[in-house]
Amino acid sequence: MRIGVAKEIKPQEYRVALTPAGARELVQSGHDVVIETGAGSGSQFADEQYEANGARIAAVDEVWETADLLLKVKEPIASEYPRLREGLVLFTYLHIAADEPLTRALLESGITAVAYETVETDQRALPLLAPMSEIAGRLAAQAGAYFLEKPLGGRGLLLGGVPGVAPGRVLVIGGGIVGYNAAVIALGLGANVTILERSIDRMRHLDEVLSGRVSLVMSSSLQIEESVAEADVVIGAVLIPGALAPKLVTREMLRGMKDGAVLCDVAIDQGGCAETSRPTTHSEPVYEVDGVTHYCVANMPGAVPITSTKALTNATLPYVEAIADRGLREAVSRDPALARGVNVLDGRLTYEAVAEAHGLDYTPLEDVLAARVPG
Ligand SMILES: NC(=O)c1ccc[n+]([C@@H]2O[C@H](COP(=O)([O-])OP(=O)(O)OC[C@H]3O[C@@H](n4cnc5c(N)ncnc54)[C@H](O)[C@@H]3O)[C@@H](O)[C@H]2O)c1
């Protein structure tokens, strides 16, 4: 199979969908790997590194026009819509439930679109979203520590304290992947960490893996109100699958927080879990409300593209190999997790939530595959 890797052209996107190590694995399996000129530069991978591992470097037109399978990181933007075509399998983050123009462009082009974010195991895990949550969680603790510094508008507190001076308090709301990773780094910095969770099973698991080094407390409105008032850093890490984040930290609660405290609302990509949260960017990551510094960057992993690219491609490569080695049809029939990733096939929407979001017709993947001419 010819596997193309396009350069990301969305502003401030520095990741690339395949590393030179990944390229070598695919080349060794007999595939033809074509990388767009400069595609890896934002993640510090030079064209020569891909070439040294058996890939070919080509201009944008050749990559899009000749690939059987095209790998990207972000969804195609409007200037890329004319490149979508029948016969191409696109594997990338798509998020089309929130993007009707792209949904229509995909359907009209006849392309097959497989979304990283809807690849889902039978245990309801999202293996291609998890690495980004790990990174965002770890970054949130770092951002919290950093923006506590006085010259940056913070309280002027060293999160880890020193011998004789108590450490700062970090409150993590939501103990999933983001929350666990935030807690690990906050603990590593020497902070006093509390996690509020709603799932008792999850709290049992966290208690085991964190060896009792954090306080695990049942989340409730009263508990959140009391805990945010004591915290130096609050990390918002809740998720209700398929829904907007609940507004757990109200404006009233914010008024009770310490002056110069930091609120890192990682859940901002789902609307944020504080009433006062609004999305920010890496160039202007923070703003202040009622004396509380708000850090609400919607694409946190974008700040560390070397780590993000490697973590993402570690997770995507087995799926890329399955599609490349077997073809999409056989790959999805063998792996229900990958099958859930298919959003668009043969001009049909095969992901129900997307169809519902845009009031379009939904066709189950099995029906589209059954209607296909064999081979
Ligand atoms: N800003 C970014 O760059 C970025 C990057 C990655 C993930 N995220 C976002 O971070 C959020 C968390 O992602 P995740 O992968 O950790 O999800 P997850 O499903 O692993 O964890 C969410 C946790 O929140 C808990 N929860 C739900 N309601 C709660 C409540 N009322 N109180 C306390 N806990 C509650 C759940 O029980 C679950 O354990 C999501 O919104 C995700 O989209 C943002």
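Computed from a predicted structure; not experimentally measured. Both ligands and their constituent atoms are indexed starting at 1 by order of listing. Computed over heavy atoms, backbone and side chain alike; hydrogens, waters and symmetry mates excluded.
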Test item, A245 contacting ligand 1 (heavy atom, 4.0 angstrom): no
Considering I240, D269, T280, which one's heavy-atom position lies nearest to atom 43 (O) of ligand 1? D269
Evaluate the side-chain proximity of V368 to V342: yes if any heavy-atom separation is below 4.5 Å, no if none is. no
For the pair F147 and Y295, name the ring-plane relationship: parallel under 30°, tilted 30 to 60°, perpendicular over 60°. tilted
Which residues pass the salt bridge (charged side-chain N to carboxylate O under 4.0 Å, His left out) test with R278, sequence neighbours left out? none
Around atom 41 (O) of ligand 1, find the nearest protein heavy atom and jot down its residue, atom name and distance. Q270 CG, 3.1 Å
Identify, with sequence neighbours excluded, every residue that meets salt bridge (charged side-chain N to carboxylate O under 4.0 Å, His left out) alongside E356. none
Would you mind telling me which of T103, L84, T112, L349 makes a side-chain contact (heavy atoms from CB on, under 4.5 Å) with V344? L349
Please write down residue, atom name and distance for the protein heavy atom closest to atom 21 (O) of ligand 1. G176 CA, 3.1 Å
May I ask whether A237 has any heavy atom positioned less than 4.0 angstrom from an atom of ligand 1? yes
For atom 37 (O) of ligand 1, which candidate among M218, R202, R198, E197 provides the closest heavy atom? E197
So which protein heavy atom does atom 10 (O) of ligand 1 come closest to, and at what separation? V178 CG2, 3.6 Å
Heavy-atom nearest neighbour in the protein, as seen from atom 5 (C) of ligand 1, with distance rounded to 0.1 Å: A136 CB, 3.4 Å
So which protein heavy atom does atom 32 (N) of ligand 1 come closest to, and at what separation? S219 OG, 2.8 Å
Has V297 got any heavy atom lying under 4.0 angstrom from an atom of ligand 1? yes
Quick one: look up the protein heavy atom nearest atom 35 (C) of ligand 1 and list residue, atom name and how far away it is. V238 CG1, 3.6 Å
Which residue is it: L171, V217, L248? I am looking for the one with a side-chain contact (heavy atoms from CB on, under 4.5 Å) to I224. L248
Give me the residue, atom name and distance of the protein heavy atom closest to atom 44 (C) of ligand 1. V266 O, 3.0 Å
